[in-house]
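Encoded as structure tokens, the structure appears first; notes follow it.
Every number for a ligand or one of its atoms is a count from 1 in the order of the listing.
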Amino acid sequence: MTDCIFCKIARKEMGSLIYEDELVAAFDDVNPQAPVHVLIVPKNHVERLLDVGDDDKLLLGHILVVANKIARERGVAEAGYRVVVNCNREAGQSVWHLHFHLLGGRKMGWPPG
Ligand code: AMP
């Protein structure tokens, strides 16, 4: 989608990527909520977690494997990290391109706010 901010980042038209492959791109969150706060997005535009289906199973599994890789690279894997998807308004989704938050580097509370 031409005017989607995460599409632009994934296409390297703005910002900078910390990881990419044929399916996904990852970059640091502009407003980090933890010492490590990375967003992992599909390169193809998908608005919400709710919009994925059977054809996206490989993509979804791949994103979690990429999250593990980045967690290790950023040194938070063993201490602990969290992967979060906010879907729709009440969950706090504010950017309408599916993204997985990878958060780590501090102790986290539960339940989330
Ligand atoms: P959510 O509220 O789950 O939709 O998360 C959107 C996230 O995108 C927030 O954590 C924002 O800080 C982050 N964000 C918004 N614009 C940018 C940007 N240009 N570069 C990096 N992160 C961004």
Side-chain angles (χ1 to χ4, degrees):
M1 198 191 247
T2 50
D3 57 347
C4 167
I5 194 163
F6 285 0
C7 283
K8 286 182 180 165
I9 295 172
R11 288 197 302 262
K12 293 186 263 191
E13 293 171 11
M14 59 180 286
S16 58
L17 300 182
I18 63 150
Y19 174 89
E20 73 169 320
D21 59 34
E22 68 283 1
L23 292 176
V24 304
F27 46 93
D28 288 311
D29 196 293
V30 74
N31 183 23
Q33 301 302 310
V36 173
H37 188 172
V38 171
L39 301 176
I40 305 165
V41 307
K43 284 189 167 175
N44 285 337
H45 186 79
V46 179
E47 277 202 356
R48 308 166 301 170
L49 184 61
L50 196 59
D51 299 318
V52 305
D54 284 343
D55 290 347
D56 300 303
K57 286 176 180 170
L58 180 66
L59 170 70
L60 293 174
H62 181 65
I63 288 172
L64 293 178
V65 173
V66 169
N68 283 350
K69 177 181 165 58
I70 296 170
R72 286 194 187 96
E73 285 174 0
R74 290 290 178 97
V76 299
E78 295 307 323
Y81 57 101
R82 187 173 287 177
V83 178
V84 176
V85 181
N86 297 321
C87 182
N88 277 338
R89 273 177 300 277
E90 284 204 1
Q93 184 171 3
S94 61
V95 176
W96 301 93
H97 179 129
L98 174 63
H99 50 283
F100 286 60
H101 297 258
L102 166 63
L103 297 144
R106 67 167 169 83
K107 182 142 179 54
M108 292 183 203
W110 191 263

Sub-4.0 Å heavy-atom approach of [X] to ligand 1:
X	result
Gly15	no
Val84	no
Gln33	no

Give yes if a backbone or side-chain nitrogen or oxygen of [X] is under 3.5 Å from a nitrogen or oxygen of ligand 1, and no if not.
X	result
Met14	no
Leu39	no
His37	no

**Message:** Listing request: all ring-ring contact (aromatic ring centres under 6.0 Å, His included) pairs with a residue in residues 37-56, at least two apart in sequence or in separate chains.
**Reply:** His37-His101, His45-His97

Please list the nearest protein heavy atom to [atom] with its residue and the distance rounded to 0.1 Å.
atom	value
atom 17 (C) of ligand 1	Val30 CG1, 3.6 Å
atom 6 (C) of ligand 1	His99 NE2, 3.4 Å
atom 10 (O) of ligand 1	Asp29 OD2, 2.5 Å
atom 4 (O) of ligand 1	Ser94 N, 2.6 Å

**Request:** Give the minimum heavy-atom separation between Gln93 and Cys87, together with the two atoms involved.
**Result:**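 Scanning both residues completely, I find the closest heavy atoms to be OE1-CA, 3.5 Å.
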
**Request:** Kindly give the heavy-atom pair with the smallest separation between Ala34 and Gly104, and that separation in Å.
**Result:**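 Closest heavy-atom pair between Ala34 and Gly104: CB-O, 3.5 Å.
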
Measuring only between side-chain heavy atoms, which start at C-beta, is [X] closer than 4.5 Å to [Y]?
X	Y	value
Ile18	Glu73	no
Asn86	Phe100	no
Ile70	Tyr19	yes

**Request:** Quick one: look at Phe6 and ligand 1, take heavy-atom pairs under 4.0 Å, and tell me if it's side chain, backbone, both or neither.
**Result:** side chain

**Item:** Positive for side-chain contact (heavy atoms from CB on, under 4.5 Å) with Tyr81, one of Val38, Asn68, Val36
**Value:** Asn68

**Request:** Identify which of Asn86, Ile5, Ile9 has a heavy atom lying nearest to atom 20 (N) of ligand 1.
**Result:**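 Among Asn86, Ile5, Ile9, the closest heavy atom to atom 20 (N) of ligand 1 comes from Ile9.
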
**Prompt:** Has the side chain of Lys43 got a donor or acceptor atom that lies under 3.5 Å from a matching backbone atom of Asp21?
**Reply:** yes

